[in-house]
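Below is one structure. I have some questions about it.
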Amino acid sequence: MNKLKMACFASLFAAGIAQASTPCDGFEIKIKNSLPDDLLVTKIDLQGGELQPGGIQKVDGKSEQVFTVNNTGDAVMKGSLTFHTISLPSKTVKVQFDLENSGLICEHTDTSPASDYNVEKTRLPGKVNYTISAK
């Protein structure tokens with residue numbers, strides 16, 4: 001019985017260490033579309049990791065979409081999301097950021113360029129919220 005307890009403890013300890021070494025895994029990037037227009041996500045990219053869901057996404061007006069970071073490495077990861085309005089004339093919003101597994105936290109640095117709409121960010125433990133709104 002003691003050997004079984006020790007084996008369980010060892011596996012839980014190893015799982016904890018593996019999780020602690022990649023704190024960016026599970027990091028959330030929440031996009032809140034405060035516009036009345038729908039946005040089409042035409043580019044989803046994270047160099048050194050993965051963003052889920054991938055592929056072309058539609059973020060309805062006055063709604064939210066959460067992207068989750070997975071399979072991260074030790075280097076600084078550069079990410080970008082590009083949005084276009086569906087209505088014409090089409091406008092573009094770019095969200096760019098760097099993520100780094102540093103110690104016990106995932107360090108986030110916003111590097112977004114100017115866009116056709118306002119993009120405000122709020123950093124919270126384990127996630128960042130981006131709100132897209134009219135200028």
Shared hydrophobic cluster, Leu40 / Val119 (ILVMFWY, side-chain heavy atoms < 4.5 Å): no

Backbone N/O of Thr122 and side chain of Asn129: donor-acceptor pair under 3.5 Å: no

Rounded distance [0.5 Å steps], OG1 in Thr22 versus CG in Asn71: 9.0 Å

CG-NE2 distance between Asp116 and His84, expressed to the nearest 0.5 angstrom: 10.0 Å

Side chains of Pro113 and Gln96 in contact at under 4.5 Å (non-hydrogen atoms): yes

Side chains of Leu46 and Phe97 in contact at under 4.5 Å (non-hydrogen atoms): yes

Under 3.5 Å, which donor-acceptor pairs do the side chains of residues 61-70 form with other protein atoms, sequence neighbours left out?
| residue | atom | partner | partner atom | Å |
| --- | --- | --- | --- | --- |
| Lys62 | NZ | Ser34 | O | 2.8 |
| Ser63 | OG | Asp60 | N | 3.3 |
| Ser63 | OG | Asp60 | O | 2.5 |

Full working for side chain to side chain contact (heavy atoms under 4.5 Å, CB included) between Lys91 and Val93: CA-CA 7 Å; Lys91 295 191 177 187; Val93 177; over 6 Å; no

Hydrophobic cluster of Leu124, others only, ordered by chain and residue number, side-chain cut-off 4.5 Å: none

Passing option when Leu81 is tested against Thr42, Asp45, Leu51 for side chain to side chain contact (heavy atoms under 4.5 Å, CB included): Leu51

Tyr117 to Ala134 - nearest heavy-atom pair and separation: CD2-CA, 3.8 Å

Within 6.0 angstrom of Glu120 CD, more than 12 heavy atoms from elsewhere: no

Euclidean distance, Lys43 NZ relative to Ser80 OG, rounded to 0.5 Å: 3.5 Å

Side-chain heavy-atom pair Ile31, Ile29 within 4.5 angstrom cut-off: yes

Nearest heavy-atom neighbours spanning Ser102 and Glu107: OG-OE1, 3.5 Å

Heavy-atom closest contact (Leu35 atom, Leu39 atom, distance): CD1-CD2, 4.2 Å

Residues Thr72 and Asp25: side-chain donor-acceptor under 3.5 angstrom: yes

Close side-chain approach of Thr109 and Val76, heavy atoms under 4.5 Å: no

4.5 Å side-chain heavy-atom contact, Asn101 and Met77: yes

Counterpart residues, side chain to side chain contact (heavy atoms under 4.5 Å, CB included), relative to Asp110 (two or more places apart): His108, Ser112, Lys121, Tyr130

Polar contact flag, side-chain donor to acceptor under 3.5 angstrom, Asp37-Thr85: no

Straight-line distance of Ile105 CD1 to Phe27 CZ, nearest 0.5 Å: 9.5 Å

